[in-house]
*Asks:* 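The structure follows.
Just so it is clear: chains get the letters A, B, ... in the order the sequence lines come, proteins before strands, and each one is counted from 1. Below, each value reflects all heavy atoms present in this structure, side chains not excepted, and no hydrogens, waters or symmetry copies.
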2 protein chains.
Amino acid sequence: MAESDYSELGERAQHLLKVLVQRHIRDGQPVGSRALTRESGLPLSPATIRNVMSDLEDLGYVQAPHTSAGRIPTDKGYRFFVDSLLTVRSLPVSDIDQLKIRLDRSGGAEALVGSASNLLSGLTRYAGLVTLPRHGYGAFRQMEFMPLSGNRVLVIVILNEHEVQNRVIETNRKFSADELRQVSNFLNREFAGKDLRTVRKKLVEDIDHTRENVNRLMASVVEVAEKVFVEQEAESDFVLAGQTNLMEYAELANVEKLRELFDAFNHKRDVLHILDQSLQANGVQIFIGQESGYEVFDGCSLVTSSYEVDGEVLGVLGVIGPTRMPYDRVIPIVDLTARLLGEALNPKSPLNSD
Amino acid sequence: MAESDYSELGERAQHLLKVLVQRHIRDGQPVGSRALTRESGLPLSPATIRNVMSDLEDLGYVQAPHTSAGRIPTDKGYRFFVDSLLTVRSLPVSDIDQLKIRLDRSGGAEALVGSASNLLSGLTRYAGLVTLPRHGYGAFRQMEFMPLSGNRVLVIVILNEHEVQNRVIETNRKFSADELRQVSNFLNREFAGKDLRTVRKKLVEDIDHTRENVNRLMASVVEVAEKVFVEQEAESDFVLAGQTNLMEYAELANVEKLRELFDAFNHKRDVLHILDQSLQANGVQIFIGQESGYEVFDGCSLVTSSYEVDGEVLGVLGVIGPTRMPYDRVIPIVDLTARLLGEALNPKSPLNSD
DNA sequence: GTTAGCACTCTCATGCGTCGAGTGCTAATG
DNA sequence: CATTAGCACTCGACGCATGAGAGTGCTAAC
């Protein structure tokens with residue numbers, strides 16, 4: 001049998017690795033040569049299998065916990081499995097329905113994201129995570145100002161039907177309610193719905209035509225608006241659901257390990273860094289074990305996908321669970337959730353009665 | 001020695017119970033009769049102690065894990081300990097300083113509450129929890145309404161310099177911007193700065209008074225305002241910090257138990273119910289084990305205190321940890337945190353440069 | 001009421017032998 | 001030359017006995 005693949009692994013070895021990983025995913029036990037002869041479907045004796053296993057071990061795809069146990073896949077083994085050997089199942093209708101029905105579209109983006117996270121964790125029984133969507137398009141719908149005491153002004157930015165942000169800014173002088181009303185009228189008339197960059201350019205052009213002080217206000221208003229968007233971008237955050245699910249899995253069952261993991265969730269930094277990597281790529285991405293560069297995630301895998309609205313990537317979602325995970329089931333769940341979330345976030349979608 | 005106490009326990013038994021609990025809190029082991037003779041300071045032989053222990057066991061204050069182990073306190077034993085035997089230490093200056101300095105007063109109420117929760121968990125190495133303050137006390141400064149599409153109206157409630165809340169509400173008919181302006185003018189003129197409860201009472205009175213002659217709008221005003229207030233009040237929630245700290249403690253170290261506990265934190269309902277009980281009482285309250293009525297908290301204790309501004313209770317804070325907990329240290333921490341939080345929340349406080 | 005003495009109980013750690021699973025190696029085989 | 005049967009070997013899991021240590025309850029004496 002000639003090697004039909006460029007890889008270092010022959011076809012037979014690949015097939016055996018596939019069976020081994022599948023079996024190990026199923027029951028979590030080390031897989032012995034006898035079991036493989038039975039399940040591989042190949043007409044090979046255990047002894048032959050052992051030779052192949054020995055090769056696989058030398059190449060780093062599998063390892064033996066101790067001398068007289070079967071083999072379990074290494075991270076490298078899992079990596080090869082998901083990259084080359086995995087055949088993704090199509091999702092059972094019941095799951096698809098669950099996702100479609102139970103995704104809560106009634107609230108704002110935050111509620112939506114929370115709901116998606118819950119669904120992910122519920123369907124997979126792992127921890128679900130979804131980053132909050134960036135408001136990359138940078139358009140506001142309406143802006144209002146309200147005078148506070150002193151020189152402070154409350155700026156309210158209405159992004160869409162559900163999202164409202166507010167900030168208190170310090171201006172260089174006191175503005176009356178009337179003045180502020182004028183400003184907001186002007187801004188809303190001229191710029192509502194426009195991209196923020198356009199707004200700023202236009203304002204800079206107009207700067208001579210308008211009275212000095214009001215202009216200043218507008219400038220700082222635009223600054224604030226920008227801050228709102230930038231902050232949204234920077235303040236990237238994610239919603240975690242079902243982290244306690246992870247306590248069910250034997251491979252993570254020692255308290256030490258779990259604590260590290262939970263702490264990582266709380267600090268968010270490391271998790272966000274990994275999720276960021278997924279932001280660029282499109283489609284489902286898989287991080288196995290320490291591949292991500294973080295020791296904490298040893299023994300864990302992340303299955304992620306970016307989600308997008310109108311072709312623009314707004315965020316990432318996914319699940320985190322033990323590396324020993326039924327990828328063929330988890331991948332389509334993550335994939336579909338990402339698509340549904342993107343759709344639900346799209347104000348133009350026919351499903352959204354905006 | 002005559003019984004100098006009305007309780008079922010003689011003085012000597014009480015003293016021995018106290019020493020036993022203290023020792024058990026210190027090292028977590030069952031306490032034997034020999035250890036007690038040594039540490040009690042009483043001129044008694046182990047045999048005598050054993051007799052007393054036997055009595056204490058019959059009465060349910062202590063129990064023996066097995067025949068030939070020492071005794072450990074039961075929940076009832078702990079209860080008696082904290083009620084009658086405990087002498088609270090005064091807090092080391094370093095802790096007081098930590099609390100005073102590290103309580104973050106720069107942000108709004110939410111930031112403050114988060115900071116308090118962190119401090120609680122940091123100082124005790126248990127989980128800290130703080131409910132968000134009810135806004136029932138204060139005055140709202142200003143209210144504004146903004147029409148959105150359909151029957152939706154954006155309601156903005158400015159509570160103080162830092163707190164601005166907004167809600168999107170669904171009204172029974174469409175309001176024009178002018179109508180809404182009238183409404184907010186009316187509300188601000190009549191009620192700005194008034195206590196929210198007064199406002200509500202006044203509004204309810206007005207609804208009878210003016211039902212006939214004033215237009216439909218006014219009725220809607222009442223309804224709208226009511227909705228905002230009610231939602232504010234109902235949204236009782238707490239901020240949890242350092243839950244992973246709990247994974248350090250041996251008595252909670254099995255994953256099963258921890259999971260139940262964490263799930264309880266997530267669902268919030270049970271925890272909130274217990275915290276509510278503490279809302280009535282003033283001063284530090286202690287819930288030991290299942291006293292609270294929830295099985296989940298077996299093996300755990302909550303030390304809570306309500307916090308108040310100007311004599312009005314706004315919320316509850318506390319820590320949750322294993323029942324085997326150095327109460328003499330934890331109690332003053334909770335107590336002081338509650339007082340500091342109340343002070344930091346008080347807009348009239350000289351510390352707050354409002 | 002208190003105490004010394006003693007038999008008893010229970011946990012925990014240790015060591016030992018056995019079993020089962022699975023391996024690596026070697027020599028035989030088609 | 002790849003494949004296979006056979007076999008000795010290794011390792012973890014389990015059950016069992018054993019002994020030490022800690023602490024108790026009971027009884028009889030003080």
*Asks:* Is a donor on one side and an acceptor on the other found under 3.5 Å between the side chain of A/R324 and the backbone of A/I25?
*Replies:* yes

*Asks:* So, the side chain of B/S54 versus the backbone of B/R50: is there a donor-acceptor pair under 3.5 Å, distance only?
*Replies:* no

*Asks:* In residues 18-40 of chain B, what residues come within less than 4.0 Å of DNA chain C, judged by heavy atoms?
*Replies:* none

*Asks:* Have A/Y126 and A/Q243 got a donor and an acceptor in their side chains that come within less than 3.5 Å?
*Replies:* no

*Asks:* Between the main-chain N or O of A/D263 and the side-chain N or O of A/H267, is there a donor-acceptor pair closer than 3.5 Å?
*Replies:* yes

*Asks:* Ignoring hydrogens and geometry, is there a side-chain-to-backbone donor-acceptor pair from B/T323 to B/C300 under 3.5 Å?
*Replies:* yes

*Asks:* Has B/T124 got a side-chain atom pairing as donor or acceptor with B/V330's backbone, closer than 3.5 angstrom?
*Replies:* no

*Asks:* Name the first nucleotide and the last nucleotide along DNA chain C (5' to 3') that come under 4.0 Å of a heavy atom in chain B.
*Replies:* C/dT2 to C/dT11

*Asks:* How close or far is atom C1' of D/dT3 from atom CG of A/L16, stated in whole angstroms?
*Replies:* 14 Å

*Asks:* Hey, can you pull the residues of residues 45-52 of chain A with a non-hydrogen atom under 4.0 angstrom from DNA chain C?
*Replies:* A/R50

*Asks:* For B/F297 and B/F287, I'd like to know if the aromatic rings sit close, meaning centre-to-centre distance below 6.0 Å.
*Replies:* no

*Asks:* Between B/M325 and B/S301, what is the shortest heavy-atom contact and its length?
*Replies:* CE-O, 3.8 Å

*Asks:* Report yes or no: does A/T337 contribute a side-chain atom to a donor-acceptor pair with the main-chain N or O of A/I333 at less than 3.5 Å?
*Replies:* yes

*Asks:* Classify A/T67 by what it touches in the nucleic acid, base, sugar-phosphate, or nothing, heavy-atom distance under 4.0 Å.
*Replies:* sugar-phosphate

*Asks:* Taking B/S121 for its side chain and B/N118 for its backbone only, find out whether a donor-acceptor pair lies under 3.5 Å.
*Replies:* yes

